[in-house]
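What follows is a set of notes on a single structure, which appears directly below.
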Amino acid sequence: MGRLIVVSNRVPPPEDKRASAGGLAVALQAALRERGGLWLGWSGETAASEADSERVKTRVEGNITFSLVDLTQRDIEEYYSGFANRALWPLLHYRLDLADFDRRDTSGYFRVNALFARILAAEVKPDDEIWVQDYHLIPLAAELRARGITNKIGFFLHIPWPPPDVFSAMPWHRRLLETFTAYDLVGFQIDYDAENFINCMVREGIGRETSRGTFRAGEREFRIAAFPIGIETDEFAKMAVEARETSLVHRMEESLENRKLIIGVDRLDYSKGIDQRMLAYERYLDNNPSSMGKVVYLQITPKSRSEVPEYADMQREIAETAGRINGAFSDLDWTPIRYINRTIRRTTLAGLYRMSDVGLVTPLRDGMNLVAKEYVAAQDPENPGVLVLSRFAGAARELDGAVLVNPYDLESTAGAIAGAISMPLDERISRWRGMFDRLRQYHVNNWCDTFLETLEKPLNVPAFGSQQPPLRKAS
Ligand code: ADQ
């Protein structure tokens, strides 16, 4: 078996060990360690010139080489802030109203993909397998093939894929779709995304499905499948138990004075539906006067992508909504919403999930949503909280013990919050148990292994082992 090469927009710092790193970074590093390999991506730093971008900084940790590329200010603006985050991110989250399709950004996106391909092509050895992560790097395989690379190349999209009528609103939709045919395996979070993608390819006449999950486009044949990403379930559960003893979690508990706690944890992003969630909570307070003073909603939201204008607007809107609700409902000794704009240590986060009676995870659209899974993993088996989950999160296809809501429907989300707050213990336990078992069975390491095994299998061999549990029935 050759080396594994992972390519992603950002590369986690090698010193990022388990306590602070997310499950995905840990799982990919474990896969790299197992086989030896290379992780290539943007360093997060700005290069003074294009020539500086070509000078890759490498760090070697055991059998893993981290290759970090600095990007010029123009590359960052066009490729990252522009095409990736102002065109693809809103488009793939069904937000055409927020998408900005700019010709210059598009050429910046392809230019940076070509830069990564040039750097990588010089490194690739014949047996290496390449795994490209996420929407920043869709054309990378096509750029590598153009440079004569014939190795196996897989791609995994962490975010949703919309139906053809949404996707084709982007002027360069066909050009981008065609680049997918350079991969050997294209992975999505859930089956709905894979179906939407296949429909886009077929609608454009790029090719056809030859058998379930196998797609032919001209001379090329490749696989398309869903690989729902998991978390480091047992490790996270253990962290949640230990975190109960930390001083921050104690302080939080004392400050609650036996009130019920609802928790929301999201990067500040319009896809997460934070504003709608606060409005649904307001509706809940309105509809349930007896809950006044007895419930606290903690929303932890670190700022993200502040350089993108749509994010700055949204940041203001959410802060105003929280302020307005608090102004209207607060009492001398009670504030209904605690809104925090910062990153919290993973251990503390685990402890806060565990002490919360309700996990409120209501994105308008989300590839998977790991917060939903972390909330479940962190619960006390004898007294678990209730997960209220948007039907538009990929996680809703798996977590069948969650109370599913439509986040656009404030009234029914308010009703779901009320139901979750008062849910009897036996129902809470039975809903939680199945979800937890599933999360243990399909750990993030299994996700990694299943993807790589599928990438390695010849096309005439059935794709899946038994690791991947079936998805819930469509609701
Ligand atoms: P994200 O959109 O970033 O990920 P999510 O899956 O919820 O969304 O992951 C966020 C991670 O950040 C979680 O591990 C969470 O614990 C952490 N986090 C959030 N707020 C935090 C805070 N205040 N402090 C510290 N940590 C915080 C994208 C896709 C998702 C997909 C993932 C993985 O948008 O749909 O699930 O990739 O594939």
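Every number for a ligand or one of its atoms is a count from 1 in the order of the listing.
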Could you pull out every donor-acceptor pair under 3.5 Å between side chains of residues 357-366 and any protein atom, sequence neighbours left out?
unit_1	atom_1	unit_2	atom_2	d
D357	OD2	L261	N	2.8
T362	OG1	R277	NE	2.7
D366	OD1	K272	NZ	3.4
D366	OD2	K272	NZ	2.9
D366	OD2	N369	ND2	2.8

Could you verify whether a donor N or O on one side chain and an acceptor N or O on the other, from Q299 and D266, lie under 3.5 Å apart?
yes
Nitrogen or oxygen atoms of W89 and ligand 1 under 3.5 Å apart:
no
Does an N or O from F156, backbone or side chain, lie closer than 3.5 Å to an N or O of ligand 1?
no
Can you tell me if Y270 and E310 form a side-chain donor-acceptor pair at under 3.5 Å?
no
Looking only at side chains, do N326 and T335 share a donor and an acceptor under 3.5 Å apart?
no
Ring centre gap for F180 and F215 strictly below 6.0 Å:
no
Given R86 and D105, is the salt bridge (Lys or Arg N to Asp or Glu O under 4.0 Å) satisfied, shown in steps?
CA-CA 9 Å; R86 294 192 75 193; D105 289 348; 5.8 Å; no
Can you list the atoms of ligand 1 that are under 4.0 Å from a heavy atom of V265?
19 (C), 20 (N), 21 (C)
If you measure from atom 1 (P) of ligand 1 to every heavy atom of Q299, K272, R345, H158, which option wins on shortest distance?
K272
Going by the order shown, which atoms of ligand 1 are within less than 4.0 Å of some heavy atom of I300?
23 (N)
Show me the side-chain donor-acceptor pairs of residues 238-249 shorter than 3.5 Å, one per line, residues at least two apart or across chains.
unit_1	atom_1	unit_2	atom_2	d
R244	NH2	E253	OE1	2.8
R244	NH2	E253	OE2	2.5
T246	OG1	A243	O	2.8

Contact (N/O only, under 3.5 Å) between T301 and ligand 1
no
Closest by any non-hydrogen atom to atom 31 (C) of ligand 1: pick that one out of R342, R346, Q189, K303.
Q189
Is there a nitrogen or oxygen of T343 sitting under 3.5 Å from a nitrogen or oxygen of ligand 1?
no
Using a 6.0 Å cut-off, check whether atom CZ of R440 has over 12 heavy atoms from anything other than its own residue.
no
With no hydrogens and no angle check, just 3.5 Å: does a side-chain donor-acceptor pair link W89 and D269?
yes
Region of I229 engaging ligand 1 - heavy atom pairs below 4.0 Å:
side chain
Heavy-atom distance to atom 3 (O) of ligand 1: which of H93, R267, Q133 wins?
R267
Please confirm whether L349 approaches ligand 1 to less than 4.0 Å, judged on its heavy atoms.
yes
Sub-3.5 Å N/O-N/O distance, M368 and ligand 1
yes
Quick test of your reading of the structure: of V371, L157, I344, whose heavy atom lies closest to atom 25 (C) of ligand 1?
I344
Sub-3.5 Å N/O-N/O distance, G367 and ligand 1:
yes
